[in-house]
There are 2 protein chains.
Amino acid sequence: MPLDPRPAGPRTQGPAATDEVRRRNTAVLLRLLRDGSARSRADLARLSGLAKATVGAIVGDLEELGVILEAPAARDEPGRGRPGTLVRLDGRRHAGIGIEVNVDYVAVTVLDLTGAELWFERTAWGAGPPGTEQVLRLAREHLDRLHATGASALGLTVAVPGLIDRSLGQVVDAPNLGWHAEPLADRLAAGLSSPGLVVAVDNDANCAARAESLQGVAVGETDLVYLTGTVGLGAGVIAGGEVLRGSRGLAGEVGHLRVGTDQPCACGRTGCWEALAGQRGLVAATGLEVAAGEDPVAYAARVAALPDAATLLEPVVAAMVRGVTGLALGLDPAVVVLGGAFVPLADVLVPALEQALGAGFTGPGTRVAPSSLGLHAASVGAALDALDATYAGRRSLPRAG
Amino acid sequence: MPLDPRPAGPRTQGPAATDEVRRRNTAVLLRLLRDGSARSRADLARLSGLAKATVGAIVGDLEELGVILEAPAARDEPGRGRPGTLVRLDGRRHAGIGIEVNVDYVAVTVLDLTGAELWFERTAWGAGPPGTEQVLRLAREHLDRLHATGASALGLTVAVPGLIDRSLGQVVDAPNLGWHAEPLADRLAAGLSSPGLVVAVDNDANCAARAESLQGVAVGETDLVYLTGTVGLGAGVIAGGEVLRGSRGLAGEVGHLRVGTDQPCACGRTGCWEALAGQRGLVAATGLEVAAGEDPVAYAARVAALPDAATLLEPVVAAMVRGVTGLALGLDPAVVVLGGAFVPLADVLVPALEQALGAGFTGPGTRVAPSSLGLHAASVGAALDALDATYAGRRSLPRAG
DNA sequence: GCTAATTTATACGACTCCTGAACTAAGTCA
DNA sequence: TGACTTAGTTCAGGAGTCGTATAAATTAGC
């Protein structure tokens with residue numbers, strides 16, 4: 001029961017034993033192989049800084065777990081001495097499941113160990129927002145489907161639009177879904193009773209931000225802001241490679257940031273960012289009505305298609321500039337990723353935002369780019385989160401099952 | 001030469017060997033003893049989660065290093081079995097040095113290993129902003145003074161008002177000091193030639209924020225914003241217990257965040273936060289002139305003493321509310337600490353800010369408090385940074401010297 | 001075609017570290 | 001005085017990494 005009495009940052013770790021060393025070194029090698037490239041043991045030793053003997057031992061372990069294949073010696077470049085036997089990751093035995101729950105739809109992404117997509121499904125909820133039993137049923141369905149392929153799930157993460165307590169695995173408040181103080185992780189873990197499966201919960205914007213930084217338009221970036229437009233507006237922030245959470249998990253809840261003056265907001269105040277640039281803001285700016293049951297992204301696409309969209313959207317653009325420059329000044333992201341309903345509006349938004357951010361201090365300004373993962377973003381990020389414990393060395397791969 | 005090819009967050013670590021395990025576990029015990037409390041080995045084992053044998057071994061090592069003293073068995077409560085022999089940290093042999101360099105003054109704080117202040121000195125620079133040689137001379141002076149007490153320095157960190165590249169130990173740009181692309185850490189390390197001394201550079205607001213979270217008004221908090229008013233205005237952010245840096249180290253550079261409309265700023269734009277709430281903003285609001293050579297804090301104190309300060313400062317308060325709520329919404333800090341020139345104005349600012357932040361989502365709102373470290377903040381934070389590698393387990397204590 | 005140089009991979013011994021159990025030490029309580 | 005309880009140390013066992021030595025597989029050169 002390791003416990004550290006003082007609140008400590010991520011860099012300040014608790015007690016450890018030697019087996020953690022192996023976990024960490026294994027994770028280093030896994031990360032080197034994650035992209036599917038084939039490497040020799042000697043390569044891995046050089047790249048990781050580990051001794052050859054250590055690499056040999058770890059690769060042996062991984063082979064035994066069925067996670068590594070010896071690729072037939074495909075020697076391209078000449079080279080002098082004995083050619084290495086290449087190994088590459090075989091991700092088919094393990095997977096991560098990501099489920100994005102929203103008011104009117106649910107999206108499921110299943111990624112294999114290498115991060116390759118096994119399948120993605122997006123379906124509308126039958127009637128009204130779902131309860132946790134429906135999420136459980138869906139999770140079980142996809143878990144079974146995964147087991148049928150002979151793979152096992154390392155983790156399952158649910159992305160929820162709301163306030164999350166990640167350490168408790170609780171949805172503190174998801175007003176759109178009508179969920180409050182919902183112990184979702186525990187409930188799913190109990191309902192699935194799949195030993196070794198780690199169930200987690202996270203905010204949808206946080207998941208989307210993680211996805212964009214690992215597989216999307218901001219791949220490789222450790223500092224980025226993901227802005228998502230739905231009916232409302234929210235942000236997910238990756239800072240220093242980690243999701244920024246804040247003291248209560250509210251970091252990135254910027255919908256009610258004051259970026260204007262008059263426009264009244266549902267929250268009672270005026271000038272809120274989401275009142276100006278959320279769906280209601282788009283309606284106010286363009287006069288275009290939302291069709292019954294229309295998706296915010298579809299609506300935004302119709303807005304973008306208006307002949308005089310650029311001029312009509314001026315107040316929206318102004319609000320976005322105020323909001324984004326504020327966030328960017330405080331957080332200094334390398335990229336601002338526009339997601340959700342902002343994707344169809346990217347042609348109008350990106351130039352204006354890049355210009356506003358270009359006048360930065362030194363060096364290149366913050367980039368602005370539309371999400372490349374689109375509707376997949378949150379569920380992919382959730383699935384990546386399910387794999388993260390393994391790649392970060394917090395967890396070792398389970399014995400073959 | 002451990003190197004991990006992919007940019008990895010703090011939680012994603014490089015390769016490790018068994019000696020790192022010892023470093024980490026030692027750090028766990030050091031943190032438990034840091035506050036000066038005396039504990040028995042058995043207590044330490046229970047609190048840390050380590051085995052008794054391990055605790056015994058580590059405490060033995062630390063005793064040999066002269067870092068731990070066996071306190072005479074002061075048994076207060078009765079208790080049943082054999083009483084434990086208490087040990088406590090003896091910080092006198094090791095210290096961290098923090099130097100805050102500014103345009104017109106320099107502050108030095110030396111903390112012993114337990115974090116207790118050995119001395120603090122604040123002196124004005126003779127004429128004009130200093131060069132790096134003057135910082136070197138000062139560092140050598142305090143290092144000698146420390147050595148004279150029989151202690152050795154674990155690290156020396158310099159807090160600089162400007163843009164820092166921490167991994168390079170470089171001051172990228174400190175316009176007030178006239179420093180550009182200055183390899184300060186290397187220069188000091190070379191000039192001091194004190195083996196084992198780790199020299200680092202950091203931004204002054206970041207250091208101050210760290211100090212407030214470890215010893216100041218926000219002690220124990222892992223998420224806070226430190227706002228400092230000088231002639232300009234800047235913020236240091238602690239998120240998840242770590243300093244938030246951003247992609248280029250510019251995180252927290254919020255002086256030119258747009259919080260108003262008209263007030264022209266030196267940067268050419270209008271409505272910048274520092275134009276409204278920096279020293280020029282105070283002058284504009286109150287009409288009170290800055291005396292020749294007057295310190296921003298002293299000037300702010302005179303402003304606060306004006307009979308009609310509360311009404312005169314209304315535009316300043318409004319700007320602060322806009323800026324602080326923006327930062328707080330994005331970052332969700334537990335506390336906003338007001339430092340520098342905002343300390344004398346706290347009576348006016350705190351109620352207004354707390355009210356604006358109180359209307360939060362759920363739970364208690366963000367606290368607002370004036371800095372309790374005042375002028376010490378940045379240099380104390382720098383000194384704490386110098387001790388941090390030891391307490392975080394990244395570095396082991398040097399053999400007795 | 002043979003040999004030397006070069007590189008890969010494994011085997012092995014040395015070393016570090018943590019752990020649990022056994023054991024000794026030093027008290028309290030009856 | 002003796003039973004009980006808690007503290008601290010010793011020791012064997014297991015897990016890890018590392019460097020060196022060794023075997024294996026090629027290429028380069030003659």
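Sequence lines set the chain letters: A, B, ... in the order given, protein chains first and strands last, and positions in each chain run from 1. Quick note: numbers below take in every heavy atom, side chains included, and nothing from hydrogens, waters or symmetry partners.
The phosphate of D:dT17 has neither OP1 nor OP2 within less than 4.0 Å of any side-chain N or O from B:Thr18. Between B:Asn25 and C:dC18, a side-chain N or O to OP1/OP2 separation shorter than 4.0 Å is present. Distances shown here put a side-chain N or O of A:Thr85 below 4.0 Å from the OP1 or OP2 atom of C:dA9.
Salt bridge B:Arg41/B:Glu63: present, at least one basic N to carboxylate O contact under 4.0 Å.
Toward the 5' end of DNA chain C, the nearer of the two residues A:Ala17 and A:Gly56, judged by each one's closest nucleotide, is A:Gly56. Looking at which nucleotide of DNA chain C each of B:Asp19 and A:Ala42 is closest to, the 5′-most match is held by A:Ala42.
In this entry the distance linking CG of A:Asp61 with C1' of D:dT17 reads 13 Å, nearest Å. As rounded to whole Å, 13 Å separates atom P of D:dG8 from atom CZ of B:Arg39. Remark: C1' of C:dC15 and CD of B:Glu20 are 17 Å apart, rounded to the nearest angstrom. Computed from coordinates, the A:Leu86 CG to D:dA25 P distance equals 16 Å when rounded to whole Å. The distance between atom NZ of A:Lys52 and atom P of D:dA21, rounded to the nearest whole Å, is 12 Å. Atom pair A:Arg82:CZ and C:dA4:C1' shows a separation of 18 Å (rounding to whole Å applied). Straight-line distance from the CZ atom of B:Arg80 to the C1' atom of C:dA30: 11 Å, rounded to whole Å. Residue A:Leu44 contributes atom CG, which lies 12 Å from atom P of C:dT10 at whole-angstrom precision.
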query = After noting the C-alpha distance and the side-chain angles of B:Asp202 and B:Arg210, does the key distance pass the salt bridge (charged side-chain N to carboxylate O under 4.0 Å, His left out) rule?
reply = CA-CA 11 Å; B:Asp202 206 341; B:Arg210 188 188 294 114; 3.0 Å; yes
task = With salt bridge (charged side-chain N to carboxylate O under 4.0 Å, His left out) as the test, would you mind laying out the steps for B:Arg22 and B:Asp19 before giving the verdict?
result = CA-CA 5 Å; B:Arg22 173 55 70 92; B:Asp19 61 308; over 6 Å; no
message = Let's go through A:Leu244 and B:Leu244 carefully: what are the C-alpha distance in whole Å and the side-chain angles of both, what is the deciding distance for side chain to side chain contact (heavy atoms under 4.5 Å, CB included) to 0.1 Å, and is it a yes or a no?
response = CA-CA 9 Å; A:Leu244 185 77; B:Leu244 186 77; 4.1 Å; yes
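With contacts defined as side-chain heavy-atom distances shorter than 4.5 Å, the pair A:Leu62/A:Leu397 qualifies.
Counting heavy atoms of neighbouring residues, nucleotides and ligands inside a 6.0 Å radius, atom CZ of B:Arg187 exceeds 12 of them.
Distance from the side chain of A:Thr54 is smallest for D:dC18 among the nucleotides D:dC18, C:dT8, C:dC18. Residue B:Arg41 places its side chain closer to D:dG8 than to any other of C:dT7, D:dG8, D:dG16. When distances are taken from the side chain of A:Arg22 to each of D:dT17, D:dT6, C:dC17, the shortest belongs to D:dT17. Side-chain atoms of A:Ala53 lie closest to C:dC12 of the nucleotides C:dC12, C:dG20, C:dC18. For A:Leu50, whose side chain is taken as the heavy atoms from C-beta onward, the closest listed nucleotide among D:dC18, C:dG27, D:dG16 is D:dC18.
Here A:Ala16 lies in heavy-atom contact (under 4.0 Å) with sugar-phosphate atoms only. Residue contacts shown for B:Ser40 are limited to sugar-phosphate atoms, with no base heavy atom under 4.0 Å away. When heavy atoms are screened at a 4.0 angstrom cut-off, B:Ala51 is found touching the sugar-phosphate backbone but no base atom.
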